[in-house]
Amino acid sequence: MIEKNRITSELSDLVGAANVLTDSTALSVYECDGATLFKASPDIVVFAESTEHVSKIVRLANKFSVPFIARGGGTGLSGGMLPVNGGIIIALNRMDRILEIDVKNQRAVVEPGVVNLLLTQAVEDRGYYFAPDPSSQKACTIGGNIAENSGGPHTLKYGVTTDHVTGLEVVMPDGEIVEFGGYVEETPGYDLRGLMVGCEGTFGIVTKAIVRLTRKPQAYQTLLGVFETIDDASSAVSKIIGAGMIPAALEMMDSLVIKTVEEAFHWGFPLDAGAVLIVELDGISAGMRHQAEQITEIFNSHNCREIHRAKDETDRQNIWKSRKSAFGSFGRLAPSYITQDGVVPRTQLPKVLRRVAEISEKYSIPIANVFHAGDGNIHPVVLFDERDPDQCERVDAVNMEILTVCAEVGGTITGEHGIGVEKMDYMPLIYSPEDLLVMTTVRDIFNPSKLCNPGKIFPTTESYVKLGIESPTV
């Protein structure tokens with residue numbers, strides 16, 4: 001039991017009483033992220049407005065041996081900021097300043113609470129943008145993107161968040177303020193910046209980031225193909241990559257997503273289509289039309305019955321709105337959903353998607369598919385009602401079977417959402433006990449007290465029982 005009154009009093013002295021929440025109703029807002037199946041309430045929420053605030057809050061948490069967890073936009077999809085042991089949530093939303101824009105060196109310096117899309121909007125009139133573009137980019141924060149190493153539709157060509165972060169200011173788990181990386185592309189020695197990106201907030205709290213700005217492409221060619229079956233669309237994906245083309249994005253939506261998006265937003269999709277494939281090329285205009293014609297030929301050779309090529313920027317943006325509106329439409333199908341994000345070899349997409357359909361039928365749980373087909377990052381959207389215990393039990397079995405299939409075909413259990421609490425039970429599917437021991441050893445070097453975002457990533461004895469695997473002796 002934490003000394004809540006004493007901690008609250010000292011936090012109030014530090015940041016002001018108005019910036020400390022302890023009321024149960026207010027705290028309930030912070031009991032989960034976008035993975036609403038997993039809930040735990042913090043004891044206290046405190047709003048930090050500076051690196052110094054974060055450092056002092058962390059030192060105070062250490063003084064009382066209280067767990068602490070950083071939170072940004074709360075859009076995560078793996079329970080990565082869940083206060084599983086109670087404690088203090090350090091809300092970083094108010095640390096939302098763009099501190100510097102340097103287009104000559106293609107850099108920006110930002111605080112962790114800056115919303116992803118707002119950085120692009122701040123530099124787009126100068127011909128630049130921030131390349132990582134998660135579907136939640138209107139709400140997710142760059143600090144959260146760094147913690148989870150987020151991706152997005154354009155990951156295929158431009159990579160994930162770690163490819164666009166060159167330097168970090170971090171408050172370590174003991175409150176010390178440390179810098180990793182910097183303004184330049186590479187720094188000598190170990191890549192501790194790279195280690196920090198994707199650590200899911202278990203090594204420290206990012207309070208400032210130096211990120212890379214990307215020059216806007218000279219031209220785009222964006223095509224939307226309507227296919228009879230998801231197998232046809234999946235085969236077209238492999239053919240495009242096999243032809244030596246690397247599109248900026250290659251996205252797929254299945255029939256259930258098409259119907260839901262069309263009924264919600266009326267984009268003009270045929271309701272009887274098996275799948276829709278969005279392919280975007282970008283770069284210099286010379287030769288791009290030829291590539292678009294090659295893709296059209298590939299589409300036609302895989303039973304594509306309709307092809308739409310964006311005629312202007314407005315048309316292109318509408319195509320992308322149709323894709324990024326998908327998750328907002330799922331409330332029409334069920335009160336709750338949880339999104340998996342396993343990664344499989346592209347050639348295994350037809351097989352894996354057939355298995356997902358079989359799993360859906362086996363457990364009588366609807367599953368929609370909207371995902372990054374180009375890099376094999378599938379996103380089965382498992383639809384259910386979290387108020388129904390029986391459905392929740394079946395959803396747990398569905399998640400386990402989907403991730404097991406991903407591991408069996410040579411893939412992995414997450415591509416961008418992170419492990420958090422949602423997938424920690426499934427880590428033994430892809431890592432040996434020796435692998436996990438190395439990871440926990442590294443974690444303990446940075447976070448020896450285990451107070452910084454505890455209870456995430458690593459499996460427990462119960463995880464092995466759940467998977468039917470013998471518990472390790474390492």
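Below, all heavy atoms of this structure are taken into account, side chains as well, without hydrogens, waters or symmetry copies.
Looking at heavy atoms from C-beta onward, Val381 lies in side-chain contact with Phe330 at the 4.5 angstrom threshold. A heavy-atom distance below 4.5 Å is found between the side chains of Val170 and Phe180. Using a 4.5 Å heavy-atom threshold, the side chains of Ile98 and Glu111 count as separate. Between Val84 and Val421, some side-chain heavy-atom pair lies under the 4.5 Å cut-off.
Taking 4.0 Å as the cut-off between side-chain N and carboxylate O, Arg107 and Glu185 count as a salt-bridged pair. Between Arg355 and Glu358 a salt bridge is recorded (basic side-chain N to carboxylate O distance below 4.0 Å). A salt bridge is absent between Arg59 and Asp174; no separation between the charged side-chain nitrogens and carboxylate oxygens falls under 4.0 Å. Salt bridge Asp43/Lys4: absent, no basic N to carboxylate O contact under 4.0 Å. With salt bridges taken as basic N to acidic carboxylate O contacts below 4.0 Å, none links Asp33 and Arg71. Between Lys324 and Asp133 there is a salt bridge, since at least one side-chain N of the basic residue sits less than 4.0 Å from a carboxylate O of the acidic one.
The line from CZ of Phe203 to CG of Asn447 is 8.5 Å long, rounded to the nearest 0.5 Å. Going from atom CZ of Arg346 over to atom CG of Leu250 covers 8.5 Å, rounded to the nearest 0.5 Å. Rounded to the nearest 0.5 angstrom, Leu256 CG and Ser360 OG are separated by 8.5 Å. To the nearest 0.5 Å, atoms CE (Met400) and NZ (Lys423) are separated by 15.0 Å. Here the OH-CG distance, from Tyr158 to Leu156, works out to 10.5 Å after rounding to the nearest 0.5 Å. Rounding to the nearest 0.5 Å places CG of Leu195 at 13.0 Å from CZ of Arg443.
A donor-acceptor pair is defined here as one N or O able to donate and one able to accept, closer than 3.5 Å; such a pair exists between the side chain of Ser463 and the backbone of Thr460. Between the side chain of Thr440 and the backbone N or O of Leu437, at least one donor-acceptor pair lies under 3.5 Å. In terms of modelled atom types and a separation under 3.5 Å, the side chain of Asp163 and the main chain of Val160 share a donor-acceptor contact. In this structure, Thr120 contributes its side chain and Phe130 its backbone to a donor-acceptor pair below 3.5 Å. Judged by distance alone, the side chain of Gln391 and the main-chain N or O of Asp385 form a donor-acceptor pair under 3.5 Å. Under the 3.5 Å distance criterion, the side-chain polar atoms of Glu280 are left unmatched by any main-chain donor or acceptor of Ala249. A side-chain donor-acceptor contact under 3.5 Å links Ser50 to the backbone of His53.
Heavy atoms only, all atoms of each residue included: Ile419 and Glu200 are closest at N-OE2, 2.7 Å. What you find for Lys208 and Pro112 is that their closest heavy atoms are N-CD, 4.2 Å. Contact between Ala70 and Leu92 at its shortest, heavy atoms only, is CB-CD1, 3.9 Å. The shortest heavy-atom contact between Leu383 and Ala334 is CB-CB, 3.8 Å. Shortest non-hydrogen contact noted between Phe327 and Thr339 is CE2-OG1, 3.5 Å. In this structure, Val257 and Ala326 approach most closely via the heavy-atom pair CG1-CB, 4.0 Å.
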Please list every donor-acceptor pair under 3.5 Å in which a side-chain atom of residues 10-22 meets a protein atom from a residue at least two apart or in another chain.
{"unit_1": "Glu10", "atom_1": "OE1", "unit_2": "Lys63", "atom_2": "NZ", "d": "3.2"}
{"unit_1": "Glu10", "atom_1": "OE2", "unit_2": "Lys63", "atom_2": "NZ", "d": "3.1"}
{"unit_1": "Ser12", "atom_1": "OG", "unit_2": "Thr8", "atom_2": "O", "d": "2.8"}
{"unit_1": "Asn19", "atom_1": "OD1", "unit_2": "Arg94", "atom_2": "NH1", "d": "2.3"}
{"unit_1": "Asn19", "atom_1": "ND2", "unit_2": "Val15", "atom_2": "O", "d": "2.7"}

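Between the side chains of Thr162 and Arg193, at least one donor N or O lies within less than 3.5 Å of an accepting N or O. When only modelled atom types and interatomic distance are considered, Glu251 and Trp320 share no side-chain donor-acceptor pair under 3.5 Å. Asp341 and Thr414 share a side-chain donor-acceptor pair at under 3.5 Å. For the residue pair Lys456 and Asn453, a side-chain donor N or O sits within less than 3.5 Å of a side-chain acceptor on the partner. A donor-acceptor contact under 3.5 angstrom links the side chains of Asp435 and Ser432, judged on distance only. With hydrogens and angles left out, the side-chain atoms of Glu416 and Thr155 include no donor and acceptor closer than 3.5 Å. The closest side-chain donor-acceptor pair between Ser78 and Glu422, if any, does not fall under 3.5 angstrom. With no hydrogens or angles considered, a side-chain donor-acceptor pair links Glu386 and Thr36 at under 3.5 Å. Of the N and O atoms on the side chains of Glu148 and Ser150, not one donor lies less than 3.5 Å from an acceptor on the other residue. Donor-acceptor pairing under 3.5 Å is recorded for the side chains of Asn145 and Asn116.
More than 12 heavy atoms of other residues, nucleotides or ligands sit less than 6.0 Å from atom CD of Glu263. For Gln317, the CD atom counts as densely surrounded, since its 6.0 Å shell holds more than 12 non-hydrogen atoms of other residues, nucleotides or ligands. The neighbour count for Glu100 CD, taken as heavy atoms of other residues, nucleotides or ligands under 6.0 Å away, is above 12.
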Pair Asn399, Gln340 - check side chain to side chain donor-acceptor pair (under 3.5 Å), show working. CA-CA 7 Å; Asn399 290 338; Gln340 291 301 334; 3.0 Å; yes
Please test His164 against Thr214 for side chain to side chain contact (heavy atoms under 4.5 Å, CB included), starting from the C-alpha separation and ending with a verdict. CA-CA 9 Å; His164 301 273; Thr214 301; 4.1 Å; yes
What's the verdict on salt bridge (Lys or Arg N to Asp or Glu O under 4.0 Å) for Arg354 and Asp231, showing C-alpha distance, side-chain angles and the deciding distance? CA-CA 9 Å; Arg354 283 194 294 271; Asp231 274 19; 2.5 Å; yes
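Here the rule is side-chain contact (heavy atoms from CB on, under 4.5 Å) with Leu353, and of Val405, Ile367, Asn369, Val344 only Asn369 fits it. Residue Ile57 is tested with Ile44, Ile7, Asn62, Val46 for a side-chain contact (heavy atoms from CB on, under 4.5 Å); the sole match is Val46.
Residue pairs that meet the ring pair (Phe, Tyr, Trp, His ring centres under 6.0 Å) test with at least one member in residues 358-403, sequence neighbours left out, are His372-His379, His379-His417.
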